[in-house]
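A quick note: this is a predicted structure, and the numbers were derived from the prediction, not measured.
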Number of protein chains: 2
Amino acid sequence: MDGESLTYQLLRLVHAMDDATDAAIQDVLTELNLTHPLADALWQLDPAAPAPSMRQMAVRLRCDPSTVTFLADRLHQLSYVTRTAATGDRRTKVLELTDQGREARRRLVEAATTRTPLARLTAAEQRRLHTLMTRAMAPSATEEEKRYG
Amino acid sequence: MDGESLTYQLLRLVHAMDDATDAAIQDVLTELNLTHPLADALWQLDPAAPAPSMRQMAVRLRCDPSTVTFLADRLHQLSYVTRTAATGDRRTKVLELTDQGREARRRLVEAATTRTPLARLTAAEQRRLHTLMTRAMAPSATEEEKRYG
DNA sequence: ACATATACTTGGAGTCGTCAAGCATCGGAA
DNA sequence: TTCCGATGCTTGACGACTCCAAGTATATGT
């Protein structure tokens, strides 16, 4: 319907994919007492990676530090994370998953990966997609990438 | 860092793409006095397609009808849309772009398509990506697709 | 005509998000 | 050591978005 460019069509597809995945896991979010912003935050907390500071979370979520305070409060109320002062710098607080938090995140990731429309592609197709998306997102990204340690 | 599946990695990439594109057009949104939800709504209003009713917008945006009322109010305040009663059914109201609305949408789409990381791919790569994404999003989508007329 | 359904709006409440200001801590210079 | 400017987080105020429940207007079928 729209005589627009290929890039435009791709943008629509990517957005629709994100949207469809979100919609597909709505029931799990409800079970886990999570909203989308909270689920995004939980998603960032990879149990296999070092626990991030509040500030690092703010960078990853592209939001104000005070928003991280808010989200961390909520996740703490749900017993999904703990906030502990970093060793060596008592200003910095580190977000760590609790056992419940790890389990909640596992369920979240499982639901998302099994229900997303992406799951309908074959492994070979997924690999091709991965290659293309990685190339698009590759370094020299937006140059506004001062690393944050 | 995460021993997760390929699908998981793809989800991260797709989400990051959507996020990066949003971030890249922030200044344009500010110029146009748009927030993200408002920009999403404006994005849906393709000038080349028939003007949608409020309800159709609610379906497209996956939100409550009252939210569309709210968004349409804002877009109207900005002189981007008009709300006119549909011929034949005076309950139904149709959202139409004004000239300013068309221009705002044009700027929005232009900024998004030129600045998204997707724009770094060659035309051939974009076509491959389009094929894969289209196949993933293809019909039998989520079956919850009763059409809405 | 009348009941029922549909399209939209209104009011109330809760979540999310930012900014400005404040507190605690750190690090370097005097 | 002591002081001062940065840094990390929190708080408070406010606005934007979103849903739900209830209300109004119009349409449809009996």
Test side-chain contact (heavy atoms from CB on, under 4.5 Å) applied to A:Arg74 and A:Asn33, step by step: CA-CA 10 Å; A:Arg74 290 284 179 283; A:Asn33 289 299; over 6 Å; no
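- Among the nucleotides C:dA7, D:dC19, D:dC9, the one closest to the side chain of B:Cys63 is D:dC19.
- Among the protein residues, A:Ser66 comes within range of the nucleic acid bases, having at least one heavy atom under 4.0 Å from a base atom.
- Counting to the nearest Å, the P atom of D:dC9 and the CG atom of A:Leu61 are 13 Å from each other.
- A straight line from CG of B:Leu78 to P of D:dA16 spans 11 Å, rounded to a whole angstrom.
- The side chain of B:Thr69 lies closest to C:dT10 when the candidates are C:dT25, C:dG17, C:dT10.
- Atoms CG (A:Asp64) and P (D:dA16) sit 17 Å apart, rounded to a whole Å.
- For the pair A:Asp73 CG and C:dG14 P, the computed distance is 17 Å after rounding to whole Å.
- A straight line from CG of B:Asp40 to P of D:dA16 spans 17 Å, rounded to a whole angstrom.
- Checked options B:Thr21, B:Asp18, B:Asp22; the residue passing with B:Thr116 is B:Thr21 (criterion: side-chain hydrogen bond (donor to acceptor under 3.5 Å, both in side chains)).
- When the nearest nucleotides of DNA chain D are assigned to A:Ala72 and A:Arg91 by heavy-atom distance, the more 5′-ward of the two goes with A:Arg91.
- Once rounded to the nearest 0.5 Å, the distance linking CG of A:Leu78 with CG of A:Leu34 reads 6.5 Å.
- The hydrophobic cluster containing B:Val94 does not contain B:Leu61, counting ILVMFWY residues as joined when their side-chain heavy atoms lie under 4.5 angstrom apart, directly or transitively.
- Rounding to the nearest 0.5 Å gives a distance of 4.5 Å between CE of B:Met54 and CZ of B:Arg83.
- Of the candidates D:dT10, D:dA16, C:dT25, the closest approach to any side-chain atom of B:Phe70 belongs to D:dA16.
- Judged by closest nucleotide on DNA chain C, A:Thr67 is the one of A:Thr67 and A:Arg90 placed further toward the 5' end.
- Distances shown here put a side-chain N or O of A:Lys93 below 4.0 Å from the OP1 or OP2 atom of D:dT10.
- Which of C:dT10, D:dT26, D:dT10 sits closest to the side chain of A:Arg83 comes down to D:dT10.
- Atom CE of A:Met57 is separated from atom P of C:dG17 by 12 Å (rounded to the nearest Å).
- Rounded to an integer number of Å, the gap from CZ of B:Arg74 to C1' of C:dT9 is 14 Å.
- If you measure from atom CG of A:Asp22 to atom P of C:dC16, you get 14 Å, rounded to the nearest angstrom.
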